[in-house]
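Remarks on the structure that follows.
In the text below, chain A, chain B and the rest are named by the order of the sequence lines, each starting its count at 1. These numbers were taken from a predicted model, which means no experiment stands behind them.
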Amino acid sequence: MPELPEVETTRRGIAPHIEGQRVSRILVRQPRLRWPIPETVLERLPPAQLHRVRRRAKYLLLEFETGHLLMHLGMSGSLHIVDPQHDAGKHDHLDLVFDNGQALRLTDPRRFGAVLWLGADPLEHPLLARLGPEPFSNEFAGSYLYRLSRGRKLPVKQFIMNQHIVTGVGNIYASEALFHSGIRPTRPAGKISAVRYQHLADAIKEVLAQAIAQGGTTLRDFVGGDGKPGYFQQQLHVYGRTGLPCSRCGHPLQETRLGNRSSVYCSHCQR
DNA sequence: CCCAAGACCTGGCGGC
DNA sequence: TGCCGCCAGGTCTTGG
């Protein structure tokens, strides 16, 4: 579910319900996520006021007066505002219960997500310190991609999915941005011209912005923190469309595997 | 540093 | 129905 647009949609959905509220209690039903939820979360958090919910890359940072709670949704995680009395399901691993009677509930069937306590300077944590620029920042541009890609042989799709190069781009939006910029996902990153990287950077910004505007992409049962589904799925041109005709030229879309991820593209429009 | 492969998990689906 | 293999939105770790 969660690439940058889904994480941002989640952030916008949950923030109004919990910003300014005080956590009164934490319920950990299943601590075994990607890493065990540390005891310090239980010890340090309640009672603490949540100032705001931020996002860096695909991470959410809950900024408390006492430090920062980092959350990552992995492949299958989601966050919802619930009545804490509401029965927890099998994959509801964590509740942050707030004074206003609502709870933030983390659901994550595959448990690739993470919940960590970061303390005072979250951006210096090893998981965040070396991340690439946010895609909507000025630093992220075609010239930046061009410069960092010189001499690199790996396929451009894997290059732009590397969070140390640019953050927030996952399998769906990498596939879509490459389609919109006419670049074949298998092309070695170091063999793409500066002008084509400008098109690619623009396409990444555009596809992510459009997806956020639509509330993300709904796959399986993803809904944002406000319970509304995402509608970007209706605008996918290649992802999940192997064998269907290209929306631009009509040729059947091809599929290959890169870095063990399925990669769909049009062999006619993407070179 | 660069890159490929493996690892971590559960659930849904198609095929037999 | 049941079992089996494969697939799924991520990313850290390991090893060459």
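- With B/dG11, C/dA8, C/dG10 as the choices, the nucleotide that has an atom nearest any side-chain atom of A/Ser262 turns out to be C/dA8.
- Judged purely by atom type and a 3.5 angstrom limit, A/His93 uses its side chain to pair as donor or acceptor with the backbone of A/Asp108.
- Put simply, the side chain of A/Glu139 reaches to within 4.5 Å of the side chain of A/Tyr144, judged on heavy atoms.
- At a cut-off of 3.5 angstrom, counting only N and O atoms as typed in the model, there is a donor on one side and an acceptor on the other between the side-chain of A/Arg110 and the base of C/dA8.
- In terms of phosphate contacts, A/Lys153 brings no side-chain nitrogen or oxygen within less than 4.0 Å of OP1 or OP2 of B/dC2.
- The side chain of A/Met75 sits closest to C/dG10 out of C/dG10, B/dC1, B/dT10.
- Salt-bridge check for A/Glu63 with A/Arg52: passed, with a basic side-chain N closer than 4.0 Å to an acidic carboxylate O.
- Between A/Phe232 and A/Tyr173, the two ring planes are tilted [angle within 30° to 60°].
- Rounding to the nearest 0.5 Å places CD1 of A/Ile18 at 4.5 Å from CG of A/Leu104.
- Here the CZ-CD distance, from A/Arg56 to A/Gln163, works out to 9.5 Å after rounding to the nearest 0.5 Å.
- Of the candidates C/dC12, C/dA8, C/dG10, the closest approach to any side-chain atom of A/Tyr239 belongs to C/dA8.
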Parsed dot-bracket for DNA chain C after applying the Watson-Crick and G-U rules with both distances under 3.5 Å and | for other-strand partners is .|||||||.|||||||
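- Taking only side-chain atoms of A/Gln158, from C-beta outward, the nucleotide of C/dC12, B/dA4, C/dA8 with the closest atom is B/dA4.
- The residues A/Arg25 and A/Asp95 are annotated as not salt-bridged, no charged nitrogen and carboxylate oxygen being separated by less than 4.0 angstrom.
- At a threshold of 4.0 Å, the pair A/Lys58-A/Glu6 does not count as salt-bridged, since none of the basic side-chain nitrogens sits closer than that to a carboxylate oxygen.
- Taking atom CG of residue A/Leu154 and atom P of nucleotide B/dA4, one finds them 6 Å apart after rounding to whole Å.
- The stretch residues 111-129 of chain A touches DNA chain B through A/Arg111, A/Phe112, each having a heavy atom within less than 4.0 Å of the strand.
- Ring centroids of A/Tyr239 and A/Tyr265 are separated by 6.0 Å or more, keeping the two rings apart.
- For A/Arg32, whose side chain is taken as the heavy atoms from C-beta onward, the closest listed nucleotide among B/dC9, B/dC3, C/dG10 is B/dC9.
- A straight line from CH2 of A/Trp35 to C1' of B/dA7 spans 13 Å, rounded to a whole angstrom.
- Distances shown here put every side-chain N or O of A/Lys90 at or beyond 4.0 Å from the OP1 or OP2 atom of B/dT10.
- For C/dC12, the OP1/OP2 oxygens have no side-chain nitrogen or oxygen of A/His72 closer than 4.0 Å.
- Nucleotides C/dT14 and B/dC9 are separated by 15 Å at their P atoms, to the nearest Å.
- Among the heavy atoms of the strands lying under 4.0 Å from A/Arg261 is at least one base atom, whether or not backbone atoms are also near.
- At the phosphate of C/dA8, OP1 or OP2 sits under 4.0 Å from a side-chain N or O atom of A/Arg257.
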